[in-house]
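Order of listing sets the numbers, starting from 1, for every ligand and every atom in it.
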Amino acid sequence: MRHLLDTRSLSQAELEKLLVSAQLMAADWPANILQDSSRDKLLINMFYEPSTRSRISFEVAAKRLGMQVVNFTAAGSSVEKGESLYDSFQALQAMAPDVVVIRLDEPDALALLAQQVAENLHIVNAGDGSRSHPSQALLDAYTIRQSKGSIEGLNIVIAGDIVHSRVAASNIDVLGRLGAAEIRLCGPAAFLPEEPVSERVVVYHRLDEAVVGADVIMMLRIQRERIGETDSPDPGDYHRDWCLNTERLGLAMHDCVVMHPGPVNRGVEITAAVADGPRSLILQQVANGVHVRMAIISALLQ
Ligand code: CP
């Protein structure tokens, strides 16, 4: 694997191998898994958008693999003096990193950068605008398998701001390829795709209907930073129609699990009782993110 820019560029074999490798990383946890291929290599986190889970779990993953880590955030950097993404990237590349993990809001910039990088430098997409978030989709698939044994035949609801969500986009690809029976997209009309997405995808216009018989419910926050405050729905209206509460969860399968990529807006798209309840896998997703990202970094450096 040269870079990880998108889940669609992973073959089925690469996808499976990453999930199995994450399991092996988890099995050795919390022992140090220092590998010759990664020991003392340098990973730079280059983040143009805020992050807690992705940035820190890439850092923890790299350190568990014996790597050195440097963090760049646009705020406080020469980006504030007008430096372009290209020039900032070139400056960091001149310091000879082995892996650069990038989050940014421009959907096409990563592919352009990847065409120009040094031969031994690997790029990982940590979220590019609304387009894709491959490591999140991999950790979500890993978490569902851990909980359910398999993704095959499951009815999976993805609810909320689908159209602005890179998490939804990558999960639709990965969960479909891993055999989900039905991927139910659900949200206000303005948050739903206008075109059919894939043959496994079914669009619902009411959360109460989408969750009936669901095995997995993945809630998404409203991406206010992409919509603007004036076009964002009123939180009170949104809570009434689109919030996953205990009553709505009761319409799903008795063993339905609840997921959320975070950050969670409690009381808007999910109640605290559900987010903190026994069906919630939210913190398990975060924990698994370290193992999955160890597997990704390890695959790139081999
Ligand atoms: N899920 C996710 O990408 O979270 P962060 O924005 O905190 O990294």
Revision key, fill the gap. Closest to atom 1 (N) of ligand 1 among protein heavy atoms sits Pro261 O, 2.8 Å
Review point. When you look at Arg166 and Glu49, which way does the salt bridge (charged side-chain N to carboxylate O under 4.0 Å, His left out) test go after all the steps?
Key: CA-CA 13 Å; Arg166 53 197 175 208; Glu49 284 190 346; 3.0 Å; yes
Exercise for review: Using distance alone, determine whether Arg53 and ligand 1 share an N or O pair under 3.5 Å.
Suggested key: yes
Exercise for review: Could you tell me which atoms of ligand 1, counted from 1 in the order shown, lie closer than 4.0 angstrom to a heavy atom of Thr52?
Suggested key: 5 (P), 7 (O), 8 (O)
Point to revise | is_close_aromatic(Phe58, Phe47), centroid dist under 6.0 Å | key: no
Practice item. Return the residue, atom name and 0.1 Å-rounded distance of the protein heavy atom closest to atom 2 (C) of ligand 1. Key: Ser54 OG, 3.7 Å
Practice item. Take Asp208 and Arg248, measure what salt bridge (charged side-chain N to carboxylate O under 4.0 Å, His left out) needs, and give me the verdict at the end. Key: CA-CA 6 Å; Asp208 292 340; Arg248 286 187 170 125; 2.6 Å; yes
Point to revise | Short side-chain donor-acceptor distance under 3.5 Å, Thr271 and Asn245 | key: no
Exercise for review: Return a yes/no value for Pro263: is any of its N or O atoms, backbone included, closer than 3.5 angstrom to an N or O of ligand 1?
Suggested key: no
Practice item. Only counting residues at least two apart or in another chain, list the ones meeting ring pair (Phe, Tyr, Trp, His ring centres under 6.0 Å) with Tyr204. Key: none
**Study point:** Arg2 vs Glu119, salt bridge (charged side-chain N to carboxylate O under 4.0 Å, His left out): CA-CA, chis, key distance, verdict
**Key:** CA-CA 9 Å; Arg2 175 80 174 85; Glu119 205 171 304; over 6 Å; no
Study note, to complete from the structure: Restricting to heavy atoms, the pick from Ala126, Ser51, Ser57 nearest atom 5 (P) of ligand 1 would be Ser51
Revision key, fill the gap. the protein heavy atom lying closest to atom 6 (O) of ligand 1 turns out to be Arg103 NH1, 2.9 Å
Point to revise | Per-atom contacts of ligand 1 with Gly262, taking only distances under 4.0 Å to non-hydrogen atoms | key: 1 (N), 2 (C), 4 (O)
Exercise for review: Classify the ring geometry between His164 and Phe191 as parallel (under 30°), tilted (30 to 60°) or perpendicular (over 60°).
Suggested key: perpendicular
Exercise for review: Would you please determine whether Glu49 falls within less than 4.0 Å of ligand 1 on a heavy-atom basis?
Suggested key: no
Check your understanding: Atoms of ligand 1 less than 4.0 Å from Gln136 heavy atoms?
Key -> 1 (N), 2 (C)
